[in-house]
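Okay, structure first, notes after.
First the proteins, then the strands, lettered A, B, ... as listed; each starts at 1. From a predicted model like this one, the values you see are computed outputs, not experimental measurements. Atom set for the values below is all heavy atoms of this structure, side chains included, hydrogens, waters and symmetry mates excluded.
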Amino acid sequence: MGYEISLLTFMGISIIGSLSLNLITGFCGQVSLGHVAFVGIGAYTASILTKADTPFFVALLAGMLLAGTFGVMVGLASLRVRHDFLAITTMGVNFVFLGVVREQEWLGGELGISSIPDPGFGKLGFLALVLGCVILVALLSFQIRRSWMGYVFEAVSGDEDTARMLGLDASHYKLIAFALGTALAGLSGGLYAHHVRFIFPDSFAFVESITLLAMVVIGGNGSILGVILASALLSVLPQWFQFIGDYKLLLYGSLLFVVMRFSPGGLAGLAQNLFLKSKKYFALKENQ
Amino acid sequence: MKLKIIISSILALFMFFGIAWADTVKVGFNVPLTGFAAADGESALNGAKLAVNQANANGGINGKQIELVIYDDQASPKEAVPIANRLIEKDGVKVAVSGSYSGSTRAAAGVFQAAGIPYISAYAIHPGITRAGKYVFRTSFMGEVQGRAGALLIGQTMQLKRVVVITLKNDFGKSLAAGFKAEAANFGIEIINEYEYSIPDRQFGPIVAKVRADKPDAIYASGYFFTAGPLVNQLRSGGVTVPIIGQEGYDSEQFIKIAGAASEGVIITTSLDRDSNSPETRSFITEYEKLTRNKVDMVAASGHTALNVVIAALRIAGTSNPKAIRNAIAQTQLTAATGHISFNALGEVRKNVQVQIVRNGGWHYHSEIRDQTLLAPPES
Amino acid sequence: MLYLELFLQGLLQGSIYALVAVGLTLVYGLLRILHVAHAGLYTLGGYFGVLVYNSSGSLMLSGIVATFGVGILGVIIYRLCYEAILDQPPFVPLIASIGLFIAMEELYRILFGSYGVSYTNPPLQQMLPLGGLYLREGEWVTILVSIILIGGLAWLSSRTRLGLAWRATVTDPQMAESFGIDPIRVRYFNFFIGSALAGTAGMIVGILNNLVEPTMGSVPSYKALAIIVLGGLGSVRGTLVAALALGVVESYGTIYLGNVLNRDAIAFVFLILVLMVRPQGMFRGV
Amino acid sequence: MLKIEKLSCGYGSLTVVHELDLTVREGSIHALIGANGAGKSTTLMTIAGHVQVKSGSIQISSERLDQVPTKERVRLGVAIVPEGRRLFADLSVRDNLEVGGYSQPKENISRNLERVLTLFPRLGDRLKQESSLLSGGEQQMLAIGRALMAEPRLLLLDELSLGLMPRMVEDCYIALQQLQREGMTILLVEQNTQQALSVADDVTVLESGTVAWRGTAERARQDTSIIEAYIGLRREPKTD
Amino acid sequence: MSLLDIRNISVRFGGVHALEEVSLNLIQGEILGLIGPNGAGKTTMLRVITGVVRSNKGEIDLEGELLNNLPIHARVRKGLGFAQQLVRPFREMTLVENVALAAGAKQTLHPWRSMFRVERREALRESLKWLAMVGIEDAADSFPNAVPLGYLKRMEVARVLALRPRMLLLDEPLAGLNQVEASAFADILVELNRQGQTILLIEHNLAEVRRICSRLVVLDNGRKLAEGIPETVLNQPSVLEAYIGQGTVHAEN
């Protein structure tokens, strides 16, 4: 079972990561190309703390808190720069995060942090913990979407200026999206670190941010189920593609491209289109 | 409900691809075959395959053929952990080898250690790997060890004193530099300057200009063939003529191709002596070239060596009990393509350091460093 | 002398950045696409260069193939990949482009091998010290080619009909069309020029490093994005200045900041600082 | 010269102009006036090819203009001076003019350039300046000059006087009359009604995308209340 | 009684004076028409009031409280309701959802708390009422892309009304509507006003302005040109000139 467990654990961690990005990018419309930096902040914080004998959950929480704090700082940047500029700024955040971590000996520098303590739940216990977190994060996502907060996020994502004209404090809401999203990224980071029990800068390279964003957009920006499905698929894809061997990444890249090129709404968009088409079809029939 | 269906169908799929063959002795092998580390992965895999072919031709393990179970880990820790689990459970391997980089090897090592399955790192140099536990070994030098050898080579063998250190900013380069700097003073070396570069860098103009101004006696530069090739080339064409000393990362024909004429006279510390008369090394070199039509390199030799250690241990243990295999590995006394090998208490290899030099467009014997106190890897 | 030399090395690196980034900024200026796969074309330029040279021995021929071949491929990529998704929100072409880039890198690896390809008979490697400055032939050629190409581009855009059409279309495509300019042709032209510049840069870097690897484009891909933002997205002049400035800063940074900040992070630190002060980049306009 | 029949046009699902009929006589100045949002600019932009035709036809000298791609309409003699001028801001004055003459063979360009500079001597001193640095009036002159470079038979002018000093407006209008004397046909959208009426031969008043009144400028000038009524300054519009 | 008091507003863009020393006040219960030819500064004035544009000089006073330094959303919360010239519906939401977002102002006042407020039925019910008031309840569940402009314009007003503003600021609500639609729409405004809604109306359609406004302020070239009841103002020679032209009639030359 260990193999399935470790795969499911990674899947769960990916889902938390992509759902957290979905809060920012999917719900609130702020494209972030550097989300894995916050995963990294959570991972480093939690690891350093548990290595210093801090209880696991306290460390996890601290990782979330610190990631969220940095997230709010980037959120403040989002109040100043928009759209493409924001995308590239967040990308910059990822590179600067790596650049700084690589040079910090107390963060393990290039060697990273190894022998991160086992939280002691056993493989299955840890999986249960991760899945529990997935459920919580998914529930939170659903709650946000059906609440007035999600309503406002949708408005801010659609047209920020008009949202302000309706008396909505768009800046404040954007900061909340960043705070929540990055804190949850920190959670996924803390879990990741204690699952692999070894982290180093390359674990949080820019390509991982792209992977997270890909999960969100392939799932259908904003669609919770779509994003969960896409991250579940994409996180195990490299394992499934083992038999394709040499063509694995080629396929992965092409998949990203093809989905964006032919169904920019992602899986959710695809499903919706089919649904609408069938609805129209039936409506036509009814009218006849 | 939906989730259940998804999970169970996923599981079913895995099981389908995880079907095992009987009647062979399986050895796990994780290796980067796609992505940025694919070049080294390819060499390591070829070296490993060669070792398996040779052993199978010699009757395998007590008549059973050896089967290499290969997975691509993209040199990513995230991929390596499920692969380790998969090797252990689905494929039921009793011993495994990493043909991969430090990140994935370090991550997988924890899994193998926890499962009590012996695991050998062929060429990953992260100091933390063997510290995962008693089931983890390494057949290549730790960075520090090789760095110390470099200091001896420059300060004692070559009698050069004023040295500029150019360090590749990753675990490999950093630990080399640490070892080198720790011993430099003991061999009368004065480090007059140190520069760092990162792994994607190929243009070293600024460093070359500065090094020329530094006027050192020698340059100790870490890197892989794809960074060292351009570096050496640019140093030479930038008018820097002093000896350049590198390490096993250079050890590839590719380095000579890239650096061209500039590679003449470059000296490295490594594991493979191409001019060795030992039958193990000779047969490795000729058969590897026959198998792949490529020239041998350090990574291939390391993959080959690691597999030979495993094969030897399997033969001695004579059973598929991982604990017995582990103990057999720990007791290894073996002459492999990379020389005579044994392990210390931590699972780190003890062997001599080969010094090679580029002459007439090929790697050749320069000297050998046998100082076992200097080369002693850490015991814990 | 050292400072001057470091400066020159910086300009050298900067001029390569410029060749890549100018193409990217041309594409952005006209179509608002962040064309990451541009770096894949740059790598392809490297491959075309080395493969043609190794089989023909003619530097001229390989230069032509690298420039024009990549230019044409750029047009094809625009036609097949981007044209249909121009009116989508900006992250759609961006991610499509990133996917394309990953696929291109892998395709190169599968086609040309993972070890990379080197020139069998590396051209332009001799040192040519001029006035106390130590540069290789290849490096002088790089500077020369950059000046010629970018000068040529300036000439093309300011002195030719095509350039006029291009500049007009960038500022107001609708009005340009009103005066008889075909916006589709301008887009093709735009992609051709941008990609050709990247192809040339790729070939030059291939020669300088004597190595063309599948992942050669990974650094320029994202750094060029930073450069064009620093230059004020869409401004060619700004991009040139930003590229050269970054080259110089990195050159000094490698020597004097090496253990504080990663070379590749320097660009982004600047980027973030500049954007916080000037959310629209350093320069505006074409 | 220009004959528009039953033209409906608009953006996306929105139809702005409904079944418009409009005829512009060869060599005349035709003023199109009406309140904001009445569809004047939309009509002009449809003729130029920037707004989608939903039904009806546009003919220029008996050729179906609406079936010609936008970029080729200039070759049929249509040039536009759009609302807000929409100069190529980063380009120099000369380059703006050259874009205007893009459709013309090379040998015509210097001739046309000379013609424009005679008409607007002020542009002559500024040929090398970036067009965004010109004053409002000069920009308007440049916009007209740019269109003239295409040797149009039909000149479409949108809100010429908007945001300009009276003196400049006057200069522009004098230029228009000069052009008319040279045989050009001009379709003019103008909110400065008086100004428009002073030069126009014919007038069409648009209201909510349909024609509300049409007649000679002569009549409209004699009885300004007609026009005033249609833009809402008088309570009761006089019927024709 | 003056509800909104705007004093000596000046706005410069670059070197251009968009507004110069303009004062106007909005009295409780009136429909004030803000008119003037294109480019007179009407929209700039509205933007100053909303806070999109900051004035270089002058004060905006809401019953004794200065609004100058408040961000847009805060001004809205104080009771200023804006309908923009170009309709900007949220395209991913149906019309009724668009309105309900505004109707639920109470739920969204405290961003963090809004996470725990889920109940939307009340807001939707109320929104239907507003949609009915502007006469488009039949399209409540349609998406903006599927309805004509007139509907969107009315939705925009319904959306503002749902904020229950103390005053309504409308920027060219009649533009793009045909005469019948425009009249109907103007009637809605009159009805709202009758129910006590204070309205500031920027509008080009002078016929309707004349018909429904109780008072007019005329801007021209960034300055206040005239103020008073419609009949008087619209017959003032300076206003006629501003609209028809500068009297530079070339007709007879």
By residue number, those in residues 250-262 of chain B with heavy atoms under 4.5 Å from heavy atoms of chain C are B:Gln254, B:Lys257, B:Ile258
The reported gap from CD1 in C:Ile102 to OG1 in B:Thr34 (rounded to nearest 0.5 angstrom) is 11.0 Å
Q.
Does C:Phe112 have more than 12 heavy atoms from other residues, nucleotides or ligands lying within 6.0 Å of its CZ?
A. yes
If one checks every heavy atom of B:Phe225 against chain C at 4.5 Å, the contacting part turns out to be side chain
Between C:Leu2 and B:Ala209 the two heavy atoms that sit nearest each other are CD1-O, 3.6 Å
Between B:Glu42 and C:Ser114 the two heavy atoms that sit nearest each other are OE1-OG, 2.6 Å
When rounded to the nearest 0.5 Å, the distance separating NZ of B:Lys210 from CD of C:Gln9 is 14.0 Å
> Going through the checks in order, is the side-chain contact (heavy atoms from CB on, under 4.5 Å) test met by B:Asn233 and C:Arg136?
Replying inline: CA-CA 10 Å; B:Asn233 189 18; C:Arg136 282 179 292 164; 3.8 Å; yes
Under 4.5 Å to a heavy atom of chain C? For B:Asn193 that would be neither
Max heavy-atom pairs within cutoff under 4.5 Å with chain B, candidates C:Thr215, C:Asn209, C:Leu211, goes to C:Asn209
Honestly, the part of B:Ser237 sitting under 4.5 Å from a heavy atom of chain C is both
Check: Is there a side-chain contact between C:Ile16 and B:Gln203 (heavy atoms, below 4.5 Å)?
Finding: yes
| said: Evaluate C:Val219 against B:Arg202 for side-chain contact (heavy atoms from CB on, under 4.5 Å), listing each step before the verdict. | reply: CA-CA 10 Å; C:Val219 175; B:Arg202 302 286 182 275; over 6 Å; no
Whatever's closer than 4.5 Å to a heavy atom in chain C on B:Arg236 counts as neither
For C:Thr254 and B:Glu196 the tightest heavy-atom approach is CG2-O, 4.2 Å
Residue from B:Phe226, B:Tyr195, B:Phe36 scoring the most non-hydrogen pairs under 4.5 Å with chain C is B:Phe226
When the 4.5 angstrom heavy-atom criterion is applied to B:Ser43 and chain C, the contacting part is both
Given B:Gly41, B:Ala213, B:Gly238, the one with more heavy-atom pairs under 4.5 angstrom with chain C than any other is B:Gly238
Cut-off 4.5 Å, heavy atoms of chain B, and the answer for C:Glu213 is side chain
Assert top hit (heavy-atom pairs under 4.5 Å, partner chain C, pool B:Gly205, B:Pro230, B:Pro200) equals B:Gly205
